[in-house]
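Quick notes on the structure that follows.
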Amino acid sequence: MAKTAKKKRAAKRVKKKAAVAQRAAKHAASRVPGRSAKPATKKVKAPRKAAAKARSMAAAERRAERAARRKVRAATPRKPAVKVTAAAANGLPNPSGKPFGQAGKALDGVKILDFTHVQSGPTCTQLLGYMGADCIKVERPGVGDITRGQLRDVKGQDSLYFTMLNGNKRSITIDSKHPKGKEILERLIKHCDVLVENFAPGALDRMGLTWEYIHKTNPRMIVASVKGFGPGPYEDCKVYENVAQCAGGAASTTGFRDGPPLVTGAQIGDSGTGLHLAFGIVCALYQRNRTGRGQKVLCAMQDGVLNLARVKLRDQQRLTHGPLTEYSQYGEGIPFGKAVPRAGNDSGGGQPGWILKCKGWEDDPDAYIYFITQAPVWGPICDLIGKPEWKTDPDYATPPARLPRLRHIFNTIEEWTKTMTKFEVMDTCNKHDIPVGPILSMKEIAEEQSLRDTGTVVEVDHPGRGKYLTVGNPVKMSDSITEVKRSPLLGEHTEEILTKVLGYSAEEVAGIKTSGAITAPEKPAKAEAA
Ligand code: CAO
């Protein structure tokens, strides 16, 4: 009853407002265009009675108009009222009024149960951490991620291998095979959004953490895994970086034609697959917004490497239609075999390139520059290297004419680059839009101020080992600013997570400690690695 009365009053208010608006509109329409809306200073006063009569006639007219409109409305079928605003159309909240960079981070609120170790998985979760996710890294009591002790440079301290891949995470130690440990893990599964792991095939199942169990415990949980191979003949194999580089087609296409296959220093198998997995996780989180449920996300390292080496699969198919003319082997008259050959430093694209010596190359192994003879800047290249006649010489003037002569062309350019340092070549060429790249040593990169300024190279302070350099977030976002935090000590956040995240009482924590589920066994489970 009260509601109906309220509704009636509200309807009345709306009608009244509409009438006022209508009067205002009529008044505006009756004004002579261009004239001020101000009333004229001299008003002709109408006699009172006449004015009252006019007003009541006008009111009667309006009543009649309203009644007519009501009739029309009643006869017209109603459309559902749709309130369209820019934000509501996408189901999004209104745009934040906070300044960019002060509205939190992209993955704020996302909770990651981080079961990763070594490199591929930790790369993925560190990136998610950089984006604001809360990464809870589960490690074996007393042992932790094996990389804590690998390639140690400071005695007794976490290695750079570990610290540079595990920033922006919290560490909890749990023996996942201990009954109490399993109970803690169950709480973590209920609490988190994503479980990320890169154990050997079958290891997670052997812990009892099967997809069926996880999905039943928390249907919203996304289970993301890195494995060496996808389903198939090698699915049960353990895989490390270089195995993936070889199995993914990178090694057979890297190196020089007359040398063995080569692996590359960039960790395309581990870090590359970690990146792919991070992409899959974010997509699964997005899809979960619609479906409400989690899913399995799998990235095989072989697949990740192949994805990065896809230009070589392109060339494999081109090979069936003839020689690969941009490979210097073509210019040298060496026939192609059945598979894509190693192309040395040939540029992978349609613009020929090579690595050339610069001043000081005799003593400095990195005094080189990558030089691309991009077609549109062929003229300036000829002028710079003192071969202006090549601009019109039919043997050099066009890209197809140059292909069989690439070795000679690059040798000639090198005579010029050897007269300058790599940075001088860079400066000179950039003035003419010629694409070149100095071969930067890791020392030069570590000291490069511009990389520090952008947060790509970051110095972090660690309580055990002191200051170290790490690679910050390579993805820069204007509204999600990355703050790089040091890696956690082994089990640094165990108590904090048990009490503040999982709600265990102090007595319960004491019980868990004595149970052996979070503490190191008497004897270390594994000898410290080299
Ligand atoms: N509590 C108790 N046990 C734990 C534990 C914890 N918190 N964390 C790990 N373990 C156990 C696992 O359950 C497993 O035990 P079982 O084999 O008895 O079930 C054991 O530790 C070893 O795990 P693993 O087989 O994954 O580790 P590994 O060192 O033997 O192999 C690797 C390492 C990388 C080759 C393998 O994990 C793998 O192939 N992963 C997938 C591919 C991958 O990510 N490779 C990238 C490596 S980076 O170069």
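Both ligands and their constituent atoms are indexed starting at 1 by order of listing. As a basis for the values below, the full set of heavy atoms in this structure was taken, side chains included, without hydrogen atoms, waters or symmetry mates.
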| said: At under 4.0 Å between heavy atoms, is it the side chain or the backbone of Asp270 that contacts ligand 1, or both, or neither? | reply: side chain
| query | N/O to N/O below 3.5 Å, does that happen between Lys177 and ligand 1? | reply | yes
| request: Output yes when the distance from some N or O of ligand 1 to some N or O of Gln119 is under 3.5 Å, and no in every other case. | output: no
| For Met207, atoms of ligand 1 separated by under 4.0 Å from a heavy atom | 4 (C), 5 (C), 8 (N), 9 (C), 10 (N), 12 (C), 13 (O)
| remark: ligand 1 to Val226, heavy atom cutoff 4.0 Å, flagged ligand atoms 41 (C), 44 (O)
| query | Mind checking whether Phe371 and Phe410 have ring centres under 6.0 Å apart? | reply | no
| message | Could you tell me, atom by atom, which parts of ligand 1 come under 4.0 Å of a heavy atom of Ser120? | response | 43 (C), 44 (O), 46 (C)
| request: Pick one of side chain, backbone, both or neither for how Ile174 approaches ligand 1, counting any non-hydrogen atom pair under 4.0 Å. | output: backbone
| Please walk me through it: do Thr125 and Asp114 pass side-chain hydrogen bond (donor to acceptor under 3.5 Å, both in side chains)? | CA-CA 7 Å; Thr125 50; Asp114 182 355; 2.9 Å; yes
| Within-cut-off N or O pair, Pro201 and ligand 1, under 3.5 Å | no
| said: Closer than 4.0 angstrom, basic N to acidic O: yes or no for Asp108 and Lys105? | reply: no
| message | Salt bridge check, Glu444 against Lys422: does any charged N sit closer than 4.0 Å to a carboxylate O? | response | yes
| query | Under a 4.0 Å heavy-atom limit, does Lys238 contact ligand 1 with its side chain, its backbone, both, or neither? | reply | both
| said: Between Arg170 and Glu496, does any side-chain N to carboxylate O distance fall below 4.0 Å? | reply: yes
| request: List every atom of ligand 1 that sits less than 4.0 Å from any heavy atom of Asp175, numbering the atoms from 1 in the order shown and giving each element. | output: 1 (N), 2 (C)
| query | Within 45° of the six-membered ring axis of Tyr327 and under 6.0 Å from that ring's centre, is NZ or CZ of Arg342 located there? | reply | no
| query | Contact between His178 and ligand 1, counting heavy atoms under 4.0 Å? | reply | no
| query | Are any of the side-chain heavy atoms of Asp236 and Phe229 separated by less than 4.5 Å? | reply | no
| query | Tell me, which pairs form a ring pair (Phe, Tyr, Trp, His ring centres under 6.0 Å) where one or both residues lie in residues 237-292, sequence neighbours left out? | reply | none
| query | With atoms numbered from 1 as shown, which atoms in ligand 1 lie under 4.0 angstrom from a non-hydrogen atom of His117? | reply | 26 (O), 27 (O), 33 (C), 37 (O)
| request: Please verify whether a non-hydrogen atom of Ile146 lies at under 4.0 Å from ligand 1. | output: no
| Ion pair Arg486/Glu492, N-O distance below 4.0 Å | yes
| message | Measuring from atom 17 (O) of ligand 1, which candidate in Glu241, Arg206, Lys227 has the nearest non-hydrogen atom? | response | Arg206
| said: Tell me whether Val138 has any N or O atom under 3.5 angstrom from an N or O of ligand 1. | reply: no
| task | Could you tell me whether Lys111 and Asp134 have a side-chain N and a carboxylate O separated by less than 4.0 Å? | result | no
